[in-house]
**Student:** 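Just passing along the structure, written as C-alpha coordinates.
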Amino acid sequence: MIQAQKGTKDILPEDVLTWQNMEQKANEVFSKANFQELRTPIFEATELFARGVGDSTDIVNKEMYTFEKSERSLTLRPENTAGVVRAYIEHGFSRLPQPVKLWYKGPMFRYERPQAGRQRQFHQVGVEMFGSAEPSADAEVINLAVKYLNELGLNDLEIEINSLGCPDCRAKYREAIKTVLKPYLPELCEDCNFRYEKNPLRILDCKVDSCKKIFEKDEVQKVILGDFICPECKEHFEKVKEYLTALNIPFKENKLLVRGLDYYNRTVFEIKSNNLGSQNAVCGGGRYDSLVETLGGVSTPAVGWAMGMERLFSLIQKFKSKRLDVFVVSENIAETFKIIDELRTNGFSAEFDYANRKFKKQLDKAAKTAKYALILMEDELKSNTVTIKNLDSSEQVNVSRDEYLSYIKI
RNA sequence: GCGGGUAUCGUCAAGUGGUCAAGACCUCGGAUUGUGGUUCCGAUAUGCAUGGGUUCGAAUCCCAUUACCCGCCCCA
(Lines give C-alpha, C1' and ligand atoms only; values in the text may rest on other atoms or scores of the structure.)
Protein backbone atom coordinates (compact mmCIF):
# COMPACT_ATOMS: atom_id res chain seq x y z
CA MET A 1 0.00 0.00 0.00
CA ILE A 2 1.43 3.35 -1.05
CA GLN A 3 0.75 6.06 1.49
CA ALA A 4 1.03 9.82 1.49
CA GLN A 5 4.65 10.68 2.20
CA LYS A 6 5.88 11.71 5.61
CA GLY A 7 5.00 15.28 6.34
CA THR A 8 2.44 15.50 3.55
CA LYS A 9 -1.30 15.46 3.95
CA ASP A 10 -4.42 15.12 1.85
CA ILE A 11 -6.78 18.01 2.30
CA LEU A 12 -10.01 16.05 2.49
CA PRO A 13 -13.34 17.17 1.00
CA GLU A 14 -14.72 17.84 4.47
CA ASP A 15 -11.97 20.45 5.01
CA VAL A 16 -11.89 21.97 1.56
CA LEU A 17 -14.66 24.48 2.23
CA THR A 18 -12.63 25.87 5.11
CA TRP A 19 -9.53 26.08 2.92
CA GLN A 20 -11.46 27.78 0.16
CA ASN A 21 -12.66 30.28 2.72
CA MET A 22 -9.09 31.04 3.81
CA GLU A 23 -8.13 31.62 0.19
CA GLN A 24 -11.17 33.67 -0.65
CA LYS A 25 -10.81 35.90 2.40
CA ALA A 26 -7.19 36.49 1.48
CA ASN A 27 -8.22 37.60 -1.97
CA GLU A 28 -10.88 39.92 -0.56
CA VAL A 29 -8.77 41.55 2.12
CA PHE A 30 -5.67 42.04 -0.01
CA SER A 31 -7.59 43.21 -3.08
CA LYS A 32 -9.22 45.94 -1.05
CA ALA A 33 -5.77 47.28 -0.28
CA ASN A 34 -4.89 46.97 -3.97
CA PHE A 35 -2.52 44.06 -3.55
CA GLN A 36 -2.47 41.75 -6.56
CA GLU A 37 -1.97 38.03 -6.62
CA LEU A 38 1.24 36.70 -8.14
CA ARG A 39 1.69 33.01 -8.88
CA THR A 40 5.27 31.86 -9.21
CA PRO A 41 6.60 28.37 -10.02
CA ILE A 42 6.86 25.66 -7.38
CA PHE A 43 10.53 25.07 -8.23
CA GLU A 44 13.29 27.55 -8.93
CA ALA A 45 17.04 27.54 -9.44
CA THR A 46 18.70 26.33 -6.25
CA GLU A 47 20.92 29.37 -6.34
CA LEU A 48 17.94 31.69 -5.90
CA PHE A 49 17.33 30.33 -2.42
CA ALA A 50 21.00 29.98 -1.56
CA ARG A 51 21.48 33.67 -2.26
CA GLY A 52 18.02 34.89 -1.32
CA VAL A 53 17.20 33.05 1.86
CA GLY A 54 20.84 32.95 2.93
CA ASP A 55 23.23 30.05 3.19
CA SER A 56 23.71 30.39 6.91
CA THR A 57 20.08 29.39 7.45
CA ASP A 58 18.86 25.91 8.28
CA ILE A 59 16.32 26.21 5.49
CA VAL A 60 19.06 26.37 2.88
CA ASN A 61 21.56 24.19 4.68
CA LYS A 62 19.55 21.14 5.46
CA GLU A 63 15.90 21.55 4.57
CA MET A 64 15.73 22.01 0.82
CA TYR A 65 14.33 19.53 -1.66
CA THR A 66 16.97 19.83 -4.34
CA PHE A 67 17.26 17.78 -7.50
CA GLU A 68 19.26 17.83 -10.71
CA LYS A 69 17.67 17.91 -14.12
CA SER A 70 19.53 18.43 -17.38
CA GLU A 71 22.54 19.77 -15.55
CA ARG A 72 20.60 22.33 -13.60
CA SER A 73 20.21 22.32 -9.86
CA LEU A 74 16.58 22.93 -9.00
CA THR A 75 14.84 23.28 -5.65
CA LEU A 76 11.25 23.04 -4.50
CA ARG A 77 10.55 26.42 -2.98
CA PRO A 78 10.97 26.43 0.81
CA GLU A 79 9.39 29.90 0.99
CA ASN A 80 8.15 32.35 -1.57
CA THR A 81 9.76 35.71 -0.94
CA ALA A 82 12.80 34.83 -3.03
CA GLY A 83 10.57 33.71 -5.90
CA VAL A 84 8.48 36.85 -5.77
CA VAL A 85 11.61 38.99 -5.77
CA ARG A 86 12.95 37.02 -8.73
CA ALA A 87 9.72 37.68 -10.63
CA TYR A 88 9.81 41.35 -9.65
CA ILE A 89 13.27 41.68 -11.16
CA GLU A 90 12.66 39.45 -14.17
CA HIS A 91 9.54 41.30 -15.32
CA GLY A 92 10.90 44.76 -14.72
CA PHE A 93 8.44 45.59 -11.96
CA SER A 94 10.81 48.36 -10.93
CA ARG A 95 9.46 50.29 -13.94
CA LEU A 96 5.92 50.01 -12.62
CA PRO A 97 4.54 52.77 -10.43
CA GLN A 98 5.91 52.08 -6.95
CA PRO A 99 5.08 50.66 -4.56
CA VAL A 100 4.34 47.31 -6.17
CA LYS A 101 2.02 45.35 -3.89
CA LEU A 102 1.71 41.60 -4.29
CA TRP A 103 0.28 38.61 -2.48
CA TYR A 104 0.54 34.87 -3.01
CA LYS A 105 -0.62 31.54 -1.70
CA GLY A 106 0.55 28.03 -2.29
CA PRO A 107 2.56 25.02 -1.21
CA MET A 108 6.10 25.24 0.19
CA PHE A 109 8.52 22.41 0.89
CA ARG A 110 10.99 21.88 3.69
CA TYR A 111 12.70 18.65 4.60
CA GLU A 112 12.22 18.65 8.37
CA ARG A 113 11.01 16.22 10.97
CA PRO A 114 7.26 16.73 11.05
CA GLN A 115 5.42 17.49 14.26
CA ALA A 116 2.39 19.46 15.37
CA GLY A 117 2.10 22.47 13.05
CA ARG A 118 5.00 21.42 10.91
CA GLN A 119 4.81 19.49 7.67
CA ARG A 120 7.20 18.89 4.80
CA GLN A 121 4.71 20.18 2.30
CA PHE A 122 2.76 23.03 3.80
CA HIS A 123 0.96 26.10 2.54
CA GLN A 124 1.65 29.74 3.00
CA VAL A 125 -0.23 32.87 2.19
CA GLY A 126 1.89 35.98 2.08
CA VAL A 127 2.15 39.61 1.17
CA GLU A 128 5.11 41.54 -0.26
CA MET A 129 5.35 45.28 -0.82
CA PHE A 130 8.17 46.73 -2.90
CA GLY A 131 9.45 50.24 -3.43
CA SER A 132 8.65 52.02 -0.21
CA ALA A 133 11.18 52.51 2.55
CA GLU A 134 8.61 54.40 4.61
CA PRO A 135 7.38 53.10 7.96
CA SER A 136 3.87 53.43 6.55
CA ALA A 137 4.63 50.42 4.35
CA ASP A 138 5.63 48.35 7.39
CA ALA A 139 2.47 49.37 9.16
CA GLU A 140 0.26 48.74 6.13
CA VAL A 141 1.60 45.25 5.74
CA ILE A 142 1.12 44.43 9.43
CA ASN A 143 -2.30 45.99 9.21
CA LEU A 144 -3.21 43.61 6.39
CA ALA A 145 -2.06 40.62 8.40
CA VAL A 146 -4.24 41.67 11.30
CA LYS A 147 -7.21 42.44 9.03
CA TYR A 148 -6.91 39.06 7.39
CA LEU A 149 -6.76 37.27 10.74
CA ASN A 150 -9.75 39.25 11.95
CA GLU A 151 -11.70 38.27 8.84
CA LEU A 152 -11.00 34.67 9.72
CA GLY A 153 -12.36 35.27 13.19
CA LEU A 154 -9.03 35.46 14.98
CA ASN A 155 -8.93 38.49 17.22
CA ASP A 156 -6.81 37.59 20.20
CA LEU A 157 -3.42 36.77 18.76
CA GLU A 158 -0.24 38.27 20.13
CA ILE A 159 1.71 40.57 17.88
CA GLU A 160 5.38 41.01 18.65
CA ILE A 161 7.61 43.48 16.91
CA ASN A 162 11.24 44.47 17.02
CA SER A 163 13.75 46.41 14.98
CA LEU A 164 16.98 44.79 13.89
CA GLY A 165 18.34 48.10 12.67
CA CYS A 166 20.30 48.55 9.50
CA PRO A 167 23.45 46.54 8.69
CA ASP A 168 25.58 49.16 10.45
CA CYS A 169 23.79 49.21 13.75
CA ARG A 170 23.23 45.49 13.64
CA ALA A 171 26.98 44.96 13.42
CA LYS A 172 27.40 47.09 16.52
CA TYR A 173 24.74 45.15 18.35
CA ARG A 174 26.30 41.87 17.34
CA GLU A 175 29.66 42.95 18.70
CA ALA A 176 28.14 44.16 21.95
CA ILE A 177 26.41 40.83 22.43
CA LYS A 178 29.52 38.88 21.66
CA THR A 179 31.52 40.95 24.10
CA VAL A 180 29.11 40.63 26.99
CA LEU A 181 28.52 36.91 26.46
CA LYS A 182 32.11 35.94 25.94
CA PRO A 183 32.85 35.20 29.62
CA TYR A 184 29.80 32.95 29.78
CA LEU A 185 30.58 30.85 26.73
CA PRO A 186 31.50 27.75 28.76
CA GLU A 187 28.15 27.94 30.54
CA LEU A 188 26.08 28.37 27.41
CA CYS A 189 24.72 25.34 25.60
CA GLU A 190 26.37 23.74 22.63
CA ASP A 191 23.95 25.32 20.16
CA CYS A 192 24.59 28.75 21.59
CA ASN A 193 28.33 28.31 21.24
CA PHE A 194 27.75 27.43 17.62
CA ARG A 195 25.49 30.44 17.15
CA TYR A 196 28.05 32.66 18.83
CA GLU A 197 30.20 32.37 15.73
CA LYS A 198 27.55 32.10 13.07
CA ASN A 199 24.65 34.28 14.12
CA PRO A 200 25.05 35.75 17.60
CA LEU A 201 21.64 37.44 17.51
CA ARG A 202 19.95 34.09 17.48
CA ILE A 203 21.55 33.14 20.80
CA LEU A 204 18.92 35.25 22.50
CA ASP A 205 16.25 32.97 21.06
CA CYS A 206 17.62 30.01 23.00
CA LYS A 207 15.07 28.13 25.08
CA VAL A 208 17.51 26.28 27.30
CA ASP A 209 16.90 27.34 30.90
CA SER A 210 20.55 27.67 31.85
CA CYS A 211 21.09 29.97 28.88
CA LYS A 212 18.00 31.99 29.71
CA LYS A 213 19.36 32.57 33.19
CA ILE A 214 22.50 34.10 31.78
CA PHE A 215 20.45 36.44 29.61
CA GLU A 216 18.74 37.69 32.75
CA LYS A 217 21.98 38.97 34.25
CA ASP A 218 22.14 42.73 34.55
CA GLU A 219 25.00 43.34 32.22
CA VAL A 220 23.44 41.18 29.51
CA GLN A 221 20.06 42.81 29.94
CA LYS A 222 21.74 46.17 29.58
CA VAL A 223 23.04 45.22 26.17
CA ILE A 224 19.76 43.60 25.08
CA LEU A 225 17.65 46.55 26.15
CA GLY A 226 20.23 49.13 25.19
CA ASP A 227 19.62 51.46 22.28
CA PHE A 228 22.01 50.12 19.75
CA ILE A 229 20.08 51.19 16.71
CA CYS A 230 21.03 54.39 14.91
CA PRO A 231 18.80 57.48 15.02
CA GLU A 232 17.36 56.84 11.54
CA CYS A 233 16.42 53.27 12.34
CA LYS A 234 15.03 54.35 15.67
CA GLU A 235 12.86 56.97 14.07
CA HIS A 236 11.61 54.48 11.53
CA PHE A 237 10.70 52.05 14.29
CA GLU A 238 8.99 54.75 16.35
CA LYS A 239 6.86 55.71 13.35
CA VAL A 240 5.85 52.12 12.73
CA LYS A 241 4.72 51.84 16.32
CA GLU A 242 2.92 55.17 16.10
CA TYR A 243 0.96 53.99 13.04
CA LEU A 244 0.10 50.67 14.63
CA THR A 245 -1.23 52.51 17.64
CA ALA A 246 -3.27 54.75 15.36
CA LEU A 247 -4.66 51.61 13.74
CA ASN A 248 -5.58 50.30 17.17
CA ILE A 249 -3.40 47.28 16.70
CA PRO A 250 -2.10 46.04 20.03
CA PHE A 251 1.51 44.87 19.93
CA LYS A 252 4.31 43.90 22.24
CA GLU A 253 7.85 44.98 21.74
CA ASN A 254 10.17 42.02 22.02
CA LYS A 255 13.85 42.86 21.96
CA LEU A 256 14.68 39.19 21.66
CA LEU A 257 12.73 38.72 18.46
CA VAL A 258 15.19 37.86 15.71
CA ARG A 259 14.00 36.16 12.57
CA GLY A 260 15.76 33.19 11.12
CA LEU A 261 16.08 34.32 7.56
CA ASP A 262 19.13 36.34 6.68
CA TYR A 263 17.48 39.02 4.61
CA TYR A 264 15.66 40.98 7.27
CA ASN A 265 16.57 44.46 8.49
CA ARG A 266 14.78 47.07 10.58
CA THR A 267 11.23 45.96 11.35
CA VAL A 268 10.58 42.31 12.13
CA PHE A 269 7.40 40.90 13.61
CA GLU A 270 5.61 37.69 14.51
CA ILE A 271 2.03 36.86 15.32
CA LYS A 272 1.60 34.05 17.80
CA SER A 273 -1.14 31.93 19.27
CA ASN A 274 -1.18 29.97 22.49
CA ASN A 275 -3.34 27.30 20.94
CA LEU A 276 -0.82 25.90 18.51
CA GLY A 277 1.56 23.85 20.61
CA SER A 278 5.24 24.48 20.36
CA GLN A 279 5.14 25.77 16.78
CA ASN A 280 3.19 28.79 17.88
CA ALA A 281 3.80 31.39 15.17
CA VAL A 282 1.07 31.85 12.57
CA CYS A 283 2.70 34.77 10.85
CA GLY A 284 6.22 36.04 10.48
CA GLY A 285 7.73 38.81 8.47
CA GLY A 286 9.65 42.01 8.26
CA ARG A 287 11.54 44.43 6.11
CA TYR A 288 14.15 43.27 3.64
CA ASP A 289 15.61 46.30 1.94
CA SER A 290 18.64 44.63 0.42
CA LEU A 291 17.18 41.45 -1.01
CA VAL A 292 16.21 42.82 -4.42
CA GLU A 293 19.71 44.08 -4.93
CA THR A 294 21.25 40.87 -3.59
CA LEU A 295 19.34 38.96 -6.25
CA GLY A 296 20.52 41.24 -9.01
CA GLY A 297 17.88 43.95 -9.24
CA VAL A 298 18.14 47.64 -8.62
CA SER A 299 18.20 48.47 -4.94
CA THR A 300 14.56 48.41 -3.84
CA PRO A 301 13.24 48.51 -0.30
CA ALA A 302 10.62 45.90 0.56
CA VAL A 303 8.58 44.53 3.41
CA GLY A 304 6.34 41.50 3.73
CA TRP A 305 5.20 38.49 5.71
CA ALA A 306 4.02 34.91 5.37
CA MET A 307 1.44 32.88 7.27
CA GLY A 308 1.27 29.13 7.65
CA MET A 309 -2.10 28.06 6.39
CA GLU A 310 -2.16 24.72 8.19
CA ARG A 311 -1.58 26.59 11.44
CA LEU A 312 -4.30 29.03 10.54
CA PHE A 313 -6.58 26.13 9.72
CA SER A 314 -6.12 24.62 13.15
CA LEU A 315 -7.14 27.91 14.77
CA ILE A 316 -10.18 28.94 12.78
CA GLN A 317 -13.74 27.78 12.91
CA LYS A 318 -14.45 25.06 10.38
CA PHE A 319 -17.08 25.27 7.68
CA LYS A 320 -19.57 22.49 7.27
CA SER A 321 -20.42 21.40 3.77
CA LYS A 322 -23.78 22.57 2.50
CA ARG A 323 -26.75 20.31 2.21
CA LEU A 324 -27.73 19.31 -1.29
CA ASP A 325 -30.69 21.28 -2.71
CA VAL A 326 -32.56 18.56 -4.55
CA PHE A 327 -32.40 14.80 -4.69
CA VAL A 328 -34.34 13.30 -7.57
CA VAL A 329 -36.19 10.10 -6.74
CA SER A 330 -37.03 8.16 -9.85
CA GLU A 331 -36.67 4.89 -11.71
CA ASN A 332 -36.47 6.47 -15.12
CA ILE A 333 -32.86 7.48 -15.68
CA ALA A 334 -33.41 9.30 -18.97
CA GLU A 335 -36.12 11.57 -17.53
CA THR A 336 -34.07 12.01 -14.38
CA PHE A 337 -31.16 13.29 -16.39
CA LYS A 338 -33.38 15.88 -18.07
CA ILE A 339 -34.65 17.15 -14.74
CA ILE A 340 -31.23 17.06 -13.10
CA ASP A 341 -29.76 19.11 -15.91
CA GLU A 342 -32.58 21.63 -15.69
CA LEU A 343 -32.11 21.98 -11.94
CA ARG A 344 -28.36 22.50 -12.22
CA THR A 345 -28.77 24.99 -15.07
CA ASN A 346 -31.11 26.96 -12.83
CA GLY A 347 -28.57 27.16 -10.05
CA PHE A 348 -29.61 24.29 -7.79
CA SER A 349 -27.34 21.51 -6.68
CA ALA A 350 -28.97 18.25 -7.66
CA GLU A 351 -28.19 14.57 -7.53
CA PHE A 352 -29.92 11.23 -7.98
CA ASP A 353 -29.42 7.60 -7.11
CA TYR A 354 -26.93 5.94 -9.39
CA ALA A 355 -27.43 2.51 -7.91
CA ASN A 356 -30.94 1.71 -9.10
CA ARG A 357 -32.28 1.38 -5.61
CA LYS A 358 -35.89 1.06 -4.67
CA PHE A 359 -38.15 4.02 -4.06
CA LYS A 360 -37.88 3.79 -0.33
CA LYS A 361 -34.10 3.64 -0.30
CA GLN A 362 -33.92 6.58 -2.64
CA LEU A 363 -36.15 8.67 -0.43
CA ASP A 364 -34.10 7.58 2.51
CA LYS A 365 -30.99 8.86 0.86
CA ALA A 366 -32.75 12.08 -0.13
CA ALA A 367 -33.73 12.70 3.47
CA LYS A 368 -30.17 12.21 4.63
CA THR A 369 -28.56 14.49 2.08
CA ALA A 370 -30.99 17.02 0.60
CA LYS A 371 -33.50 19.73 1.41
CA TYR A 372 -35.98 18.66 -1.25
CA ALA A 373 -36.89 15.40 -2.82
CA LEU A 374 -38.16 15.63 -6.36
CA ILE A 375 -40.23 12.56 -7.05
CA LEU A 376 -40.53 11.46 -10.63
CA MET A 377 -42.14 8.04 -10.63
CA GLU A 378 -44.64 6.48 -12.99
CA ASP A 379 -47.64 8.55 -11.88
CA GLU A 380 -45.75 11.79 -12.36
CA LEU A 381 -44.40 10.74 -15.72
CA LYS A 382 -47.88 9.84 -16.93
CA SER A 383 -49.35 13.17 -15.91
CA ASN A 384 -46.29 15.18 -16.89
CA THR A 385 -45.86 16.43 -13.34
CA VAL A 386 -43.33 16.14 -10.56
CA THR A 387 -43.81 15.90 -6.82
CA ILE A 388 -41.74 18.29 -4.75
CA LYS A 389 -41.32 17.25 -1.16
CA ASN A 390 -39.83 19.52 1.46
CA LEU A 391 -37.86 17.11 3.58
CA ASP A 392 -37.85 19.33 6.67
CA SER A 393 -41.56 20.08 6.81
CA SER A 394 -42.70 16.91 5.02
CA GLU A 395 -45.04 19.00 2.88
CA GLN A 396 -45.33 17.97 -0.71
CA VAL A 397 -47.01 19.28 -3.82
CA ASN A 398 -47.66 17.79 -7.19
CA VAL A 399 -47.04 20.38 -9.90
CA SER A 400 -46.59 20.49 -13.64
CA ARG A 401 -43.21 20.06 -15.27
CA ASP A 402 -43.35 23.67 -16.48
CA GLU A 403 -43.52 25.38 -13.12
CA TYR A 404 -41.93 23.10 -10.54
CA LEU A 405 -38.78 25.21 -10.23
CA SER A 406 -40.65 27.98 -8.42
CA TYR A 407 -41.61 25.52 -5.67
CA ILE A 408 -38.01 24.93 -4.67
CA LYS A 409 -36.96 27.59 -2.21
CA ILE A 410 -33.38 27.62 -1.02
C1' G B 1 20.45 15.34 13.05
C1' C B 2 18.93 13.99 18.47
C1' G B 3 15.17 12.27 22.23
C1' G B 4 10.18 10.09 23.64
C1' G B 5 5.58 7.53 22.21
C1' U B 6 2.17 4.63 19.22
C1' A B 7 0.78 0.89 15.47
C1' U B 8 -6.07 -4.32 15.91
C1' C B 9 -11.93 -3.34 9.99
C1' G B 10 -13.11 3.23 6.25
C1' U B 11 -13.37 5.66 11.60
C1' C B 12 -13.27 5.13 17.12
C1' A B 13 -11.79 1.16 19.73
C1' A B 14 -11.97 -3.96 23.46
C1' G B 15 -8.38 -7.53 23.95
C1' U B 16 -2.15 -8.20 28.70
C1' G B 17 -0.13 -16.41 25.75
C1' G B 18 -5.01 -20.96 25.09
C1' U B 19 -12.73 -21.35 22.35
C1' C B 20 -14.62 -18.97 15.58
C1' A B 21 -10.41 -11.34 17.34
C1' A B 22 -15.82 -7.76 21.53
C1' G B 23 -18.52 -3.37 20.67
C1' A B 24 -19.87 1.46 18.38
C1' C B 25 -20.17 4.64 14.04
C1' C B 26 -20.08 4.58 8.75
C1' U B 27 -21.33 1.55 4.48
C1' C B 28 -24.42 -2.26 2.24
C1' G B 29 -28.89 -5.56 2.24
C1' G B 30 -33.76 -6.69 4.44
C1' A B 31 -38.60 -5.84 7.56
C1' U B 32 -44.92 -8.46 1.43
C1' U B 33 -42.44 -4.10 -4.08
C1' G B 34 -44.76 4.68 -4.17
C1' U B 35 -43.17 8.39 1.13
C1' G B 36 -37.95 9.34 4.50
C1' G B 37 -34.42 10.82 8.56
C1' U B 38 -36.53 6.83 14.55
C1' U B 39 -36.74 1.36 15.33
C1' C B 40 -35.70 -3.87 14.35
C1' C B 41 -32.90 -7.84 11.73
C1' G B 42 -28.65 -9.16 8.88
C1' A B 43 -23.67 -8.56 6.20
C1' U B 44 -18.61 -6.74 6.58
C1' A B 45 -10.64 -8.29 9.75
C1' U B 46 -8.65 -16.76 8.29
C1' G B 47 -6.82 -10.78 9.94
C1' C B 48 -4.17 -7.68 14.54
C1' A B 49 2.03 -2.27 10.42
C1' U B 50 6.01 -5.67 8.00
C1' G B 51 9.77 -9.59 8.52
C1' G B 52 12.00 -12.89 11.71
C1' G B 53 12.19 -15.58 16.38
C1' U B 54 10.44 -17.92 21.46
C1' U B 55 6.32 -21.50 22.46
C1' C B 56 2.39 -27.38 21.99
C1' G B 57 -0.03 -22.58 21.12
C1' A B 58 1.00 -15.29 20.05
C1' A B 59 -2.71 -9.48 18.32
C1' U B 60 -0.73 -10.54 23.16
C1' C B 61 6.65 -12.13 24.82
C1' C B 62 11.66 -10.97 22.15
C1' C B 63 14.51 -8.78 17.92
C1' A B 64 14.72 -5.96 13.53
C1' U B 65 12.40 -2.87 9.95
C1' U B 66 8.73 0.66 8.41
C1' A B 67 5.08 4.30 9.17
C1' C B 68 2.79 7.94 12.02
C1' C B 69 2.54 11.18 16.40
C1' C B 70 5.03 14.37 20.10
C1' G B 71 9.39 17.22 21.78
C1' C B 72 14.51 19.50 20.61
C1' C B 73 16.57 22.19 16.56
C1' C B 74 14.46 25.44 13.08
C1' C B 75 10.38 27.90 11.12
C1' A B 76 4.85 29.55 8.94
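All chains are named by letter (A, B, ...) in the order of the sequence lines, taking the proteins before the strands, and each is independently numbered beginning at 1. FYI, side chains are in, hydrogens and waters are out, and symmetry mates aren't considered; it's all heavy atoms of this structure. Here the structure is a predicted model, which means the values were calculated and not measured.
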**Student:** Using a 4.0 Å heavy-atom cut-off across all strands, classify A/Glu380 as base, sugar-phosphate, or nothing.
**Tutor:** base
**Student:** Does A/Ala281 reach a base, just sugar-phosphate, or nothing at all? Heavy atoms under 4.0 Å.
**Tutor:** sugar-phosphate
**Student:** Are A/Lys101 and A/Gln36 side-chain neighbours, meaning at least one heavy-atom pair lies under 4.5 Å?
**Tutor:** no
**Student:** Is a donor-acceptor pair below 3.5 Å formed from side chain A/Arg118 to base B/C74, judging by atom type as modelled?
**Tutor:** yes
**Student:** Tell me whether the side-chain N or O atoms of A/Arg311 pair up with the base of B/C75 as donor and acceptor below 3.5 Å, since no angle test is needed here.
**Tutor:** yes
**Student:** Give none if B/G71 has no partner; otherwise give the nucleotide forming a Watson-Crick or G-U wobble pair with it, both distances under 3.5 Å.
**Tutor:** B/C2
**Student:** Identify whether any heavy atom of A/Gly117 sits under 4.0 Å from a base atom; if not, whether one sits that close to sugar-phosphate; answer base, sugar-phosphate or nothing.
**Tutor:** base
**Student:** If you measure from CZ on A/Arg120 to CZ on A/Arg110, what distance do you get to the nearest 0.5 Å?
**Tutor:** 13.5 Å
**Student:** Using atom C1' of each nucleotide, how far apart are B/C41 and B/A45 to the nearest Å?
**Tutor:** 22 Å
**Student:** Quick check: are there more than 12 heavy atoms from other residues, nucleotides or ligands sitting under 6.0 Å from CD of A/Glu395?
**Tutor:** no
**Student:** Quick test: give all pairs of protein nitrogen or oxygen and nucleotides 28-31 of chain B nitrogen or oxygen below 3.5 Å, distance rounded to 0.1 Å.
**Tutor:**
{"residue": "B/C28", "atom": "OP1", "partner": "A/Arg357", "partner atom": "NH1", "Å": "3.4"}
{"residue": "B/G30", "atom": "OP1", "partner": "A/Lys358", "partner atom": "NZ", "Å": "3.4"}

**Student:** Pairing check on B/A7: which nucleotide meets the Watson-Crick or G-U wobble criteria with it, both distances under 3.5 Å?
**Tutor:** B/U66
**Student:** Would you say A/Thr267 and A/Val303 make side-chain contact, with heavy atoms under 4.5 Å?
**Tutor:** no
**Student:** Just call it for A/Glu310: base, sugar-phosphate, or nothing, with non-hydrogen atoms closer than 4.0 Å on any strand.
**Tutor:** nothing
**Student:** Please report the distance, rounded to the nearest Å, between CD in A/Gln279 and P in B/C73.
**Tutor:** 9 Å
**Student:** When you compare B/A22 with B/U16, how far apart are their P atoms, in angstrom units rounded to a whole number?
**Tutor:** 13 Å
**Student:** Under 3.5 Å, is there a donor on one side chain and an acceptor on the other for A/Gln124 and A/Glu79?
**Tutor:** no
**Student:** Students often get this wrong, so: under 4.0 angstrom with heavy atoms, is A/Ile375 touching a base, only sugar-phosphate, or nothing?
**Tutor:** base
**Student:** With A/Arg401, which of A/Glu335, A/Glu342, A/Glu380 fulfils side chain to side chain donor-acceptor pair (under 3.5 Å)?
**Tutor:** A/Glu335
**Student:** Do NZ/NE/NH1/NH2 and the carboxylate oxygens of A/Asp392 and A/Arg323 come within less than 4.0 Å?
**Tutor:** yes
**Student:** Measure from the side-chain heavy atoms of A/Leu363 and tell me the nearest of B/U35, B/C75, B/C69.
**Tutor:** B/U35
**Student:** When you measure from the side-chain N and O atoms of A/Gln115 to the phosphate of B/C69, is any distance below 4.0 Å, counting only OP1 and OP2?
**Tutor:** no
**Student:** Just name whichever nucleotide pairs with B/U55, Watson-Crick or G-U, keeping both distances under 3.5 Å, else none.
**Tutor:** none
**Student:** Heavy atoms from C-beta onward define the side chain here; which of B/C73, B/G37, B/C75 lies closest to that of A/Asp58?
**Tutor:** B/C73
**Student:** Tabulate protein N/O versus nucleotide N/O from nucleotides 64-68 of chain B, keeping only pairs under 3.5 Å, one per line.
**Tutor:**
{"residue": "B/C68", "atom": "OP1", "partner": "A/Lys6", "partner atom": "N", "Å": "2.7"}

**Student:** Does A/Gln396 reach a base, just sugar-phosphate, or nothing at all? Heavy atoms under 4.0 Å.
**Tutor:** base
**Student:** Of the candidate nucleotides B/G37, B/C69, B/C74, which contains the atom at the shortest distance from the side chain of A/Glu112?
**Tutor:** B/C74
